[in-house]
Amino acid sequence: MGTTASQLGKDSLAEYQELTFLTKQEILLAHKRFTELLHKDHKGDPHARVPMDRVLTLPELKSNPFRKRICHVFSTSEQKDGSLTFEDFLDLLSAFSDSATLEIKSHYAFRIFDFDDDGTLDSGDLEKLVNCLTGDTDDTRLTTEEMRQLISNILEESDIDKDGTVNLSEFQHVISRSPDFVSSFKIVL
């Protein structure tokens, strides 16, 4: 563990603690896990990126139906390829940590569910969200009518301004009435 701490540096470690909801131990573990994902040629490179397909091998993400969207939302890659730097990885873990606030968690949940990245959840986003949750197979897929009715019900409950979409504040209002959201929106290494 001493080598991991020295690779990060005390200043970096302190800064990461200040900027995230993670403890020193969680940051060190995150660094260890991130380094294990890196190609051997990139170990020691502070700007190295782990490709999304490698990130998705983490057991904590492997079974998450939104795993690819999570990578895309937290990736700062100009290629929009879902690859993560160590700082992207820390941001991801911080937002999903037990210590993150409801506001932070709901903000990132909204971004993950906003599949077309237009700042609202429309019927297309809601359909993709439902398919992620139910599984998009012939056995689990809702019929067209069931999907239409479910999306209509979601919008009826959530779309306060009745514009046909759910914006961030409407989403946060719905989430604030869900007592188990904060405890279920987490990834722990």
Side-chain angles (χ1 to χ4, degrees), residues 4-22 24 26-97 99-101 103-129 131-133 136 165-172 175 185-189:
T4 305
S6 63
Q7 285 174 349
L8 265 181
K10 286 187 173 152
D11 290 343
S12 295
L13 192 54
E15 186 177 350
Y16 291 145
Q17 277 182 266
E18 186 69 31
L19 296 173
T20 67
F21 294 102
L22 303 172
K24 178 181 176 182
E26 289 169 327
I27 294 167
L28 292 172
L29 178 58
H31 188 265
K32 178 179 182 291
R33 295 289 297 279
F34 183 83
T35 303
E36 290 168 355
L37 292 172
L38 278 175
H39 188 273
K40 65 181 181 215
D41 296 343
H42 297 292
K43 292 191 196 275
D45 176 1
H47 305 293
R49 302 190 80 80
V50 173
M52 181 168 66
D53 62 329
R54 297 272 300 148
V55 175
L56 297 180
T57 64
L58 286 170
E60 297 82 2
L61 282 176
K62 211 177 232 180
S63 62
N64 189 311
F66 300 101
R67 60 193 169 274
K68 288 183 179 178
R69 277 297 300 162
I70 290 169
C71 287
H72 281 286
V73 165
F74 286 94
S75 175
T76 56
S77 169
E78 291 179 12
Q79 285 75 39
K80 307 265 186 241
D81 59 7
S83 64
L84 300 178
T85 64
F86 178 61
E87 290 185 357
D88 295 341
F89 190 59
L90 280 184
D91 287 343
L92 184 161
L93 294 174
S94 180
F96 281 93
S97 76
S99 304
T101 64
E103 185 177 355
I104 294 289
K105 287 178 180 281
S106 61
H107 168 81
Y108 281 105
F110 181 84
R111 288 192 54 207
I112 291 164
F113 300 157
D114 181 13
F115 288 88
D116 59 8
D117 296 316
D118 69 351
T120 64
L121 304 183
D122 59 19
S123 57
D125 294 317
L126 295 173
E127 184 172 341
K128 287 180 181 173
L129 184 140
N131 284 334
C132 279
L133 293 173
D136 197 8
T165 65
V166 178
N167 62 37
L168 177 60
S169 64
E170 291 168 332
F171 181 78
Q172 288 176 322
I175 292 300
F185 191 83
K186 69 178 178 180
I187 295 174
V188 179
L189 289 180

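How far CG of Leu129 is from OG of Ser123: 12.5 Å, rounded to the nearest 0.5 Å. In this structure, CD in Glu15 is found 10.5 Å from CG in Leu90, a value given to the nearest 0.5 Å. Atom-to-atom distance recorded for Ile112:CD1 and Lys68:NZ is 15.5 Å, nearest 0.5 angstrom. Here the SG-CD distance, from Cys132 to Glu127, works out to 11.0 Å after rounding to the nearest 0.5 Å. Taking CG of Leu93 as the reference point, atom CZ of Arg33 lies at 9.0 Å (rounded to 0.5 Å). Between the CG atom in Asn131 and the CG atom in Leu126 there is a gap of 11.0 Å [rounded to 0.5 Å].
Annotation for Val50 and Val55: closest pair CG1-CG2, 3.6 Å, computed over non-hydrogen atoms. Between Ala100 and Ser94 the shortest heavy-atom distance is CB-O, 3.4 Å. Across all non-hydrogen atoms, the minimal contact from Phe89 to Leu84 is CD1-CD1, 4.2 Å. Considering every non-hydrogen atom in both Phe171 and Ser106, the closest pair reads CE2-O, 3.3 Å. Looking at every heavy atom in both residues, Asp117 comes nearest to Arg111 through OD1-O, 4.4 Å. Residue Ser83 comes nearest to Pro51 through the heavy atom pair CB-CA, 4.0 Å, listed as atom of the first residue, atom of the second, then distance.
A heavy-atom distance below 4.5 Å is found between the side chains of Arg49 and Ser75. Inter-residue side-chain proximity for His107 and Leu168 is flagged as met; some heavy-atom pair is nearer than 4.5 Å. Between Ile104 and Phe21, the closest side-chain pair of non-hydrogen atoms falls below 4.5 Å. Under the 4.5 Å side-chain criterion, counting only non-hydrogen atoms from C-beta, Leu189 is not in contact with Glu26. The shortest distance between side-chain heavy atoms of His47 and Thr85 does not fall below 4.5 Å. Two residues are said to be in side-chain contact when any heavy atoms from C-beta on lie closer than 4.5 Å; His72 and Met52 meet this criterion. For the pair Leu28 and Leu13, the minimum side-chain heavy-atom distance is below 4.5 Å. Residues Ile27 and Thr20 are in side-chain contact: their nearest non-hydrogen atoms beyond the backbone lie under 4.5 Å apart.
In summary, Glu60 and Lys186 do not engage in a salt bridge, as defined by a charged side-chain N under 4.0 Å from a carboxylate O. Remark: Arg69 does not engage Asp114 in a salt bridge, criterion side-chain N to carboxylate O under 4.0 Å.
The main-chain N or O of Phe185 is found under 3.5 Å from a side-chain atom of Lys105 such that the two form a donor-acceptor pair. Thr120 contributes no side-chain N or O that, together with a main-chain N or O of Asn167, makes up a donor-acceptor pair within less than 3.5 Å.
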Leu92 vs Ile187, test: side-chain contact (heavy atoms from CB on, under 4.5 Å). Steps then yes/no.
CA-CA 9 Å; Leu92 184 161; Ile187 295 174; 4.1 Å; yes
Taking it one step at a time, do Arg54 and Glu36 satisfy salt bridge (Lys or Arg N to Asp or Glu O under 4.0 Å)?
CA-CA 10 Å; Arg54 297 272 300 148; Glu36 290 168 355; over 6 Å; no
Let's go through Asp122 and Asp125 carefully: what are the C-alpha distance in whole Å and the side-chain angles of both, what is the deciding distance for side-chain contact (heavy atoms from CB on, under 4.5 Å) to 0.1 Å, and is it a yes or a no?
CA-CA 5 Å; Asp122 59 19; Asp125 294 317; 3.2 Å; yes
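Remark: Gln172 CD is packed, more than 12 non-hydrogen atoms of other residues, nucleotides or ligands lying under 6.0 Å away. Other residues, nucleotides and ligands contribute over 12 non-hydrogen atoms within 6.0 Å of the CG atom of Asp41.
The aromatic rings of Phe66 and Phe115 lie tilted to each other, with the angle between the two planes from 30° to 60°. Aromatic ring pairs are classed by plane angle as parallel below 30°, tilted from 30° to 60° and perpendicular above 60°; the pair Phe96 and Phe74 is tilted.
For Tyr16 and Phe86, the ring centers sit closer than 6.0 Å to each other.
Under 3.5 Å, the side chains of Asp88 and Thr76 contain a donor-acceptor pair of N or O atoms.
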